[in-house]
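Chain letters run A, B, ... following the sequence lines, proteins first, then strands; residues in each count from 1. As the structure is a computational prediction, the values presented were derived from the model and not from experiment.
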Number of protein chains: 2
Amino acid sequence: MKKNSKREQIVDVALKLFYKDGFNATGVEKIRETANVSKKTLYNHFKSKDELILAVLRRRDEQFRNNFMRTVERIGKTPQERLEAVFDACDEWFNSKDFCGCMFINAAAEFTEADNPCHVIAAEHLRLMNDYITGLAKDAGVENPEKLAEQISFLMEGATVQAHVSGDKDAAQKAKAMALVFINQSA
Amino acid sequence: MKKNSKREQIVDVALKLFYKDGFNATGVEKIRETANVSKKTLYNHFKSKDELILAVLRRRDEQFRNNFMRTVERIGKTPQERLEAVFDACDEWFNSKDFCGCMFINAAAEFTEADNPCHVIAAEHLRLMNDYITGLAKDAGVENPEKLAEQISFLMEGATVQAHVSGDKDAAQKAKAMALVFINQSA
DNA sequence: ATCGAGATATACCGATCGGTTTCTTTTGTC
DNA sequence: GACAAAAGAAACCGATCGGTATATCTCGAT
């Protein structure tokens, strides 16, 4: 068994449980038994539950953004198409079977104070997503890439909330239609 | 002491604690001692913590929408102005001292299943907010009030997330600028 | 003045929380 | 095959969880 496989196993399991049931509602014991490891092992890899939560959030950020970028680049071939494809990637996400909203919005909801490490990571995630979109906008050669990226980010986040809270499976396409106004007026 | 004053006292205290610290992270004992009531009294008014949470969410919905509508109608005098004033109301909200995001987005984050009673109330709240905006849009005599209201709702929710997670105090004004595009093109 | 409803404080319940300890077993490395 | 590191099982810790029970007290309506 590889060096980090236990650790990854724990993070994987914790990620699923935290995402579905929330951070505070998920006990360490539940994670331990689901991951099929001993408590010793778990606390061997993580000093505390808080540290595990942080590890999970970092993993999720990496995983999510990688998958998101791959999807955008699969769907859109030109820079302009990719700006629009952001919402098609959201569409796939919103309609995937285990969609439970944005894990970082959820994290910020449970850890409301701005200086909480989990909240900080959540803010960073949104910033990194925004940075990616800014890159796409620059590639598309729009007038004000930062501004357009921010507008697209607002729409993405609104759509994510709508998809999760209200179960609107068409939220991504509605947001896309709105985004087109800004994309076209910037082009 | 009035008939319902104890009950209201408990709901008020629980509302503040749940909003700041989250639902699962706030224990009944903490609520009890903060509200200065006995446990007997608390469970005399609410069968369980879950029932208290539901009571809190209903109270918040009523309180929030009332305050929101009053603010919109204070700031905007004409129907068109009121559509825009929605974002000025958000601005005040985002910059109020105890802003911790939207309590219903937070609730949906902790109770992710769509059929959870708390999640249902959260969805209803967003729908009622949307209904209010639809009314404003109808008053303004726009072409497609339902569509415009939905667009404004998306922008509000995106701004709320941005304001809370990323601490963007200007989120409401950014969303307002975006909304103007849709409002003007609908007028 | 009395009586009952509702409030109080307090102790208690079993379960679970996050986390530690002890001791044994497995495992990869030299 | 020896040895240390890692993992295992399980008991245990004090604290807190949501919720109940008991016994006293306060107070308004009759």
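- Take A:Phe94 and apply the ring pair (Phe, Tyr, Trp, His ring centres under 6.0 Å) test, not counting sequence neighbours, and it matches A:Phe99.
- The NZ-P distance, from A:Lys6 to C:dG28, rounds to 11 Å in whole Å.
- Separating the CG atom of B:Asn44 from the C1' atom of D:dT26 is a distance of 15 Å, rounded to the nearest angstrom.
- For the OP1/OP2 pair of D:dA7 and a distance below 4.0 Å, the side-chain nitrogens and oxygens of A:His45 include at least one atom meeting the criterion.
- In this model, a donor atom of one side chain and an acceptor atom of the other lie less than 3.5 Å apart for A:Asp91 and A:Gln173.
- For the pair A:Leu42 CG and D:dA7 C1', the computed distance is 12 Å after rounding to whole Å.
- In this structure, the separation between CD1 on A:Ile121 and CG on A:Asp61 is 8.0 Å, given to the nearest 0.5 Å.
- Checked against side chain to side chain contact (heavy atoms under 4.5 Å, CB included), B:Lys16 has no partners two or more places apart in sequence or in another chain.
- For A:Asn36 and D:dA6, the CG to P distance is 21 Å, given to the nearest whole Å.
- Using a 4.0 Å cut-off, some side-chain N or O of A:Thr41 falls inside it from OP1 or OP2 of D:dG8.
- Atoms CD (B:Glu33) and P (C:dT10) sit 13 Å apart, rounded to a whole Å.
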Atom pairs under 3.5 Å, N or O on each side, protein against nucleotides 15-24 of chain D: can you list them with distances?
residue, atom, partner, partner atom, Å
D:dG18, OP1, B:Lys49, NZ, 2.6
D:dG18, OP2, B:Val28, N, 2.7
D:dG19, OP2, B:Tyr43, OH, 3.1
D:dG19, OP2, B:Lys49, N, 2.7
D:dG19, N7, B:Lys39, NZ, 2.8
D:dG19, O6, B:Lys39, NZ, 2.4

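- Nucleotide C:dA7 holds its P atom 11 Å from the CZ atom of B:Phe46, rounded to whole Å.
- Checked against a 6.0 Å centroid threshold, the rings of B:Phe23 and B:Phe111 count as neighbours.
- Checked for salt-bridge contact, B:Asp168 and B:Lys174 meet the test: a charged N lies under 4.0 Å from a carboxylate O.
- In this entry the distance linking CZ of A:Arg32 with C1' of D:dA7 reads 12 Å, nearest Å.
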